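Just below is one structure, and these are the notes that go with it.
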Amino acid sequence: MKQAARPITTSVFELFKAGPGPSSSHTIGPMLAGLDFRNLLELLPGEDKGRGVSLTVRLLGSLSATGRGHGTDKAVLAGLMGYDPRSCPDGLPAGALELPPGERAISLDGAVLGLDENTVVFGELEHGYPFSNTLIFSLSDAEGKPVLERICYSVGGGFIQWDGWSAPERGSPPYPFESASGLSALVEESGLSLPQIVMANETALTGRGRPEIQAELDAVIELMRRCVNRGIRAEGMLPGVLRVYRKAARLAHRADCMDDPLNRFLGLLNAYAFAVAEENAAGGIIVTAPTCGSAGVMPAMLTIMEGYLGFGPQAVRDGLLAAAAVGFLAKHNAGIAGAEVGCQGEVGVASAMAAAMLAQARGYPPRIVENAAEIALEHHLGLTCDAVGGYVQIPCIERNAMGALKAYNACLMATAEDPDKHRVSLDMAIQAMGETGHDMDRKYKETAGGGLALCVSGC
Ligand code: SF4
């Protein structure tokens with residue numbers, strides 16, 4: 001069996017997780033970081049608890065540049081108040097500052113730390129920390145001396161790390177892989193399918209049984225369906241200053257009235273992607289796939305697969321597991337945060353995942369599944385993150401629909417060729433994405449400092 005030096009140990013449900021929009025790195029990650037700091041405060045020895053009188057959080061890098069549009073400050077406050085993004089009620093974190101004063105506080109051995117609009121400070125864009133999205137939590141005493149400090153990083157997809165962080169202890173994957181070529185070799189040697197390998201690894205990593213994992217996969221699928229159904233009915237203007245109106249309902253209505261099956265198919269795929277991307281922009285609960293900004297691509301493909309193409313539950317579950325493998329590889333070997341690699345890591349990776357999901361659900365062999373993902377990713381290479389005004393609206397919402405369409409087309413192309421004659425591997429495309437992202441100017445990486453963010457007037 002081919003050895004993996006740094007095998008992937010991410011769980012499927014760390015990749016696909018419920019949380020509030022509009023951004024996994026700017027909303028979910030910072031909210032988790034706030035919750036994590038609150039938990040640390042509770043572990044402080046009694047004498048330190050008594051000394052802490054002032055709490056501040058400094059946002060650096062992309063979080064500072066676009067944090068207002070993304071609601072990062074409110075997300076951090078909601079986390080500090082004890083809300084978990086994976087289970088928070090609708091309306092949070094956006095409404096964190098409207099909660100009663102009793103909730104906007106942390107009690108520390110009698111002392112009460114108030115949480116308000118001054119708690120979170122927008123700091124420098126340029127800094128020397130290893131990740132762009134950096135948060136510095138500081139609890140100080142009455143003389144301004146530090147009692148507790150934590151430097152935390154929101155590394156994309158709602159994942160956080162901190163100085164001294166190490167990957168959580170978990171079981172070893174029985175089929176360790178860190179590249180698409182390694183995964184293909186495992187499929188060939190083991191005689192298992194790609195979804196079976198991902199399932200076997202998930203079972204070993206998490207210690208959970210197959211029925212439990214299957215039930216959670218079904219819950220993810222159901223949540224994606226609900227996001228589409230909610231978004232497709234909603235009307236009105238999205239939050240923020242851009243005055244962007246929701247379009248999903250109109251797109252769906254128009255598609256329903258079309259006689260031509262091709263136009264109807266494309267119209268529905270667009271409508272489903274818009275529905276979830278608009279829910280995300282409005283701060284609704286979505287499923288990261290792999291991020292919030294790109295959360296519309298996979299549910300759009302899923303809804304088309306179930307409702308239009310007639311796929312059954314097992315085909316959809318298998319597709320989701322194949323998509324997870326693609327997301328793991330991109331996260332492990334390049335990145336999935338707009339702030340690190342631009343939108344190629346968000347909508348580009350989501351499109352590759354959706355292409356793999358469709359090819360897997362159609363029962364194609366792993367080589368074709370890989371090629372479908374590769375084609376979808378290849379044609380997002382170089383895509384910048386230039387969200388206008390720092391809101392996940394322009395170009396993000398339309399971009400989700402384009403990502404879903406490209407995924408469908410990538411699957412068509414991959415299934416129409418001899419897979420062994422395909423010249424670019426998924427590993428090569430992911431490597432190219434990582435190198436392009438590394439070379440990309442900071443202004444194109446979720447800072448609202450370049451591209452459309454500058455050229456769209458009146459914002
Ligand atoms: S442009 Fe892409 S990467 Fe940037 S916020 Fe929008 S969806 Fe995310």
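All ligand and atom numbering here is 1-based and tracks the order in the structure. One-based numbering along the sequence shown. On a predicted model such as this, the values are computed, not experimentally measured, just so you know.
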*Under-4.0 Å salt bridge between D84 and R86*: yes
_Salt bridge R423-E378, side-chain N to carboxylate O under 4.0 Å_ = no
_Closer than 4.0 angstrom, basic N to acidic O: yes or no for D256 and R264?_
yes
*Flag the pair F328 / F177 as yes when their ring centroid distance falls below 6.0 Å, and as no otherwise.*
no
*Sorted by chain and residue number, which protein N/O/S atoms are under 2.8 Å from atom 6 (Fe) of ligand 1?*
C396 SG
*Residues in side chain to side chain contact (heavy atoms under 4.5 Å, CB included) with R233, at least two apart?*
N229
*Charged N to carboxylate O under 4.0 angstrom, E374 versus R367?*
no
